[in-house]
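Scroll down for the structure; my scribbles are underneath it.
This structure is a prediction, so every number in the text was calculated from the model and none was measured.
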Amino acid sequence: MTNQQTFEMIRRIVLCYPVEPHHVAQIKQTLADCKNDATIPLDHEIEVVDAGQERVDELLPTADIFIGHAKVPVDWDRVLAAKRLQWIQSSAAGLDHCLVAGVIAEPGIIVSSASGLFAPQVAEQTFALLFGLLRRIGLFERARQIPEFIRRPTDDIRGKTVGIVGLGGNGREIAKMLRPWEVKILATDYYPENQPDEVDALWPTSRTDELFATSDIVILTLPLNASTRHCVSEKQFAAMKPGSYFVNVARGAVVDESALVASLASGHLAGAGVDVTETEPLPPTSPLWTDPNVLITPHVGAQSIRRVDDTTDLVCINLRRYFSGLPLYNRVDKTLGFPHPSVSYRVAGAQPTNDSQ
Ligand SMILES: NC(=O)C1=CN([C@@H]2O[C@H](COP(=O)(O)OP(=O)(O)OC[C@H]3O[C@@H](n4cnc5c(N)ncnc54)[C@H](O)[C@@H]3O)[C@@H](O)[C@H]2O)C=CC1
Ligand SMILES: O=C(O)C(=O)COP(=O)(O)O
C-alpha cells in the first residue's frame, strides 16, 4: 500500500491527554498545513476528538491515530477487532499502558513514545528525593508529630558512587545534573555504545547486578516491560552496600516491592525515594508509609507547567513527519518496548519565564 492509500484511511484522531482548546487548535492547524502542502500526500480533513479519560475506552475503537495515555482500563480486544488503529503516539514515556500483546503482534500498528520529553522535570524530582534522603528530610518532618526535633546524622553526596539503571532521556539528564557534585557515575543501558561525557562508565545490562553492588546510590530509569518486571528484587538489594540508597522514578513494578520493604526494615538500605509504586496510589497498609527513611511522591515526576505544551509540540512534529513519510521521533521497537537512541527526541532547552509578561 502506498503512503497515499494509507493516509486515505486516516479519518479520525482520538486524543487522551490533558489538552486545552489551544492545544487541539495547534494539532488541527498542523493537519491543515499538511493538507495545504503540495509535497505532502494528504488531501482530506481529519477529525480530531478529545476523548479525555472519560470517553477513551468508548472512542478508541474509532481511532485511526491515538494520541495520549489511557489511565482507565481499555478494551484492547475491541480496538484490535475494529482494525482501524494505525499509530499510537503515547503522551507518556512509559508504554506499559498501551504495549499489550495484541498491539505488539499487529504489524499494522506503529507506536511512538514521549521518551525523554520529561527528562528535565524527572531529573528535578530525582534530586528532590535523593537530597531529601541524604539530609533526612523525611525524619525531620516526622518530628512534628512526635515531637522530637533533635539533631540526627545526615549524609553527603560528595564522594559517592551513583548507579543509574537505564541511560535514556531521563537517565542522561540525571547524570548531567549530578556531574558537578563530585560523584562517580556508573550506568547500564541496553545500548552501551555511546557513552556520554556525564558518566564515568556505561555498561551493558548484563552488568546491572555489578552496578547494584558497586554503587552507594542506585537510581532506576529503565522502562517496564515483560523482561524488566520485578527485575530488581531480593538479590539486587542484598548485593547493595550496607547503608546505601535507592531511588525509583521509573515504574513501581520494575521492583519487587516486598523485597524493598524487607531491605529497608532490616536496616541494610539507609533509605529509599519512590515516585512510583507497584500499586498506585500506594495502599494505606503499605509499610513504606511508616518508614521514616522512605520518601514517597505520587508519580509526579513528569509534572511540569510545560508538559502539555511540550507534548503537543512533539505530537505536531511527528504528525507532520508521519504524513511526509519521514521516520517518527521516538518510534518504538515494539519487541523491545522502547525507542532506539538514534530516533530520540529531546525537548528544546527550557527558557526562563518572565512573570511580568
Ligand atoms: N516518574 C515519572 O513520572 C516518569 C517515569 N518515566 C518512566 O521512566 C522510563 C524511562 O523514561 P525515558 O528515559 O524517558 O525513556 P527512554 O526510552 O529515553 O530511556 C529508557 C532507557 O532504558 C534503557 N533500557 C531498557 N531496558 C533496560 C534494562 N533492562 N536495563 C538498563 N537499561 C535499559 C534503554 O536502552 C533506554 O536508553 C519510562 O519507560 C517510564 O516508565 C518516564 C517519565 C516520567
Ligand atoms: O511519561 C511517563 O512514563 C510517566 O510516567 C508520566 O506519567 P503520567 O502520564 O504523568 O501518568
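- Salt bridge Asp216/Lys241: present, at least one basic N to carboxylate O contact under 4.0 Å.
- Between Asp156 and Arg135 there is a salt bridge, since a side-chain N of the basic residue sits under 4.0 Å from a carboxylate O of the acidic one.
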> Could you go step by step and tell me if Val332 and Leu336 meet the side chain to side chain contact (heavy atoms under 4.5 Å, CB included) rule?
Replying inline: CA-CA 8 Å; Val332 169; Leu336 287 178; over 6 Å; no
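- Under 4.0 Å is where a charged nitrogen must lie from a carboxylate oxygen, and between Asp64 and Arg11 no such pair does.
- Taking 4.0 Å as the cut-off between side-chain N and carboxylate O, Glu45 and Lys35 count as a salt-bridged pair.
- Ring geometry for His69 versus His97: interplanar angle of 30 to 60°, hence tilted.
- Among all heavy-atom pairs drawn from Pro339 and Tyr191, the shortest one is O-CE1, 4.2 Å.
- Ring geometry, Tyr322 versus Phe7: the interplanar angle falls from 30° to 60°, so the pair is classed tilted.
- Residues Asn330 and Ser112 bring no donor and acceptor atom of their side chains to less than 3.5 Å of each other.
- Within a 6.0 Å radius of CZ in Arg142, other residues, nucleotides and ligands contribute more than 12 heavy atoms.
- The nearest pair of heavy atoms linking Val343 to Leu328 is CB-O, 4.1 Å.
- The pair Asp96-Arg251 counts as a salt bridge, with a side-chain nitrogen and a carboxylate oxygen less than 4.0 angstrom apart.
- The pair Arg152-Glu148 meets the salt-bridge criterion, since a charged nitrogen lies less than 4.0 angstrom from a carboxylate oxygen.
- Classification of Asp50 and Arg55 as a salt-bridged pair fails, no side-chain N sitting under 4.0 Å from a carboxylate O.
- Remark: Val72 engages Gln53, Val56 in a side-chain contact (heavy atoms from CB on, under 4.5 Å) (not counting sequence neighbours).
- A donor and an acceptor atom, one from each side chain of Asn318 and Tyr345, are nowhere located under 3.5 Å apart.
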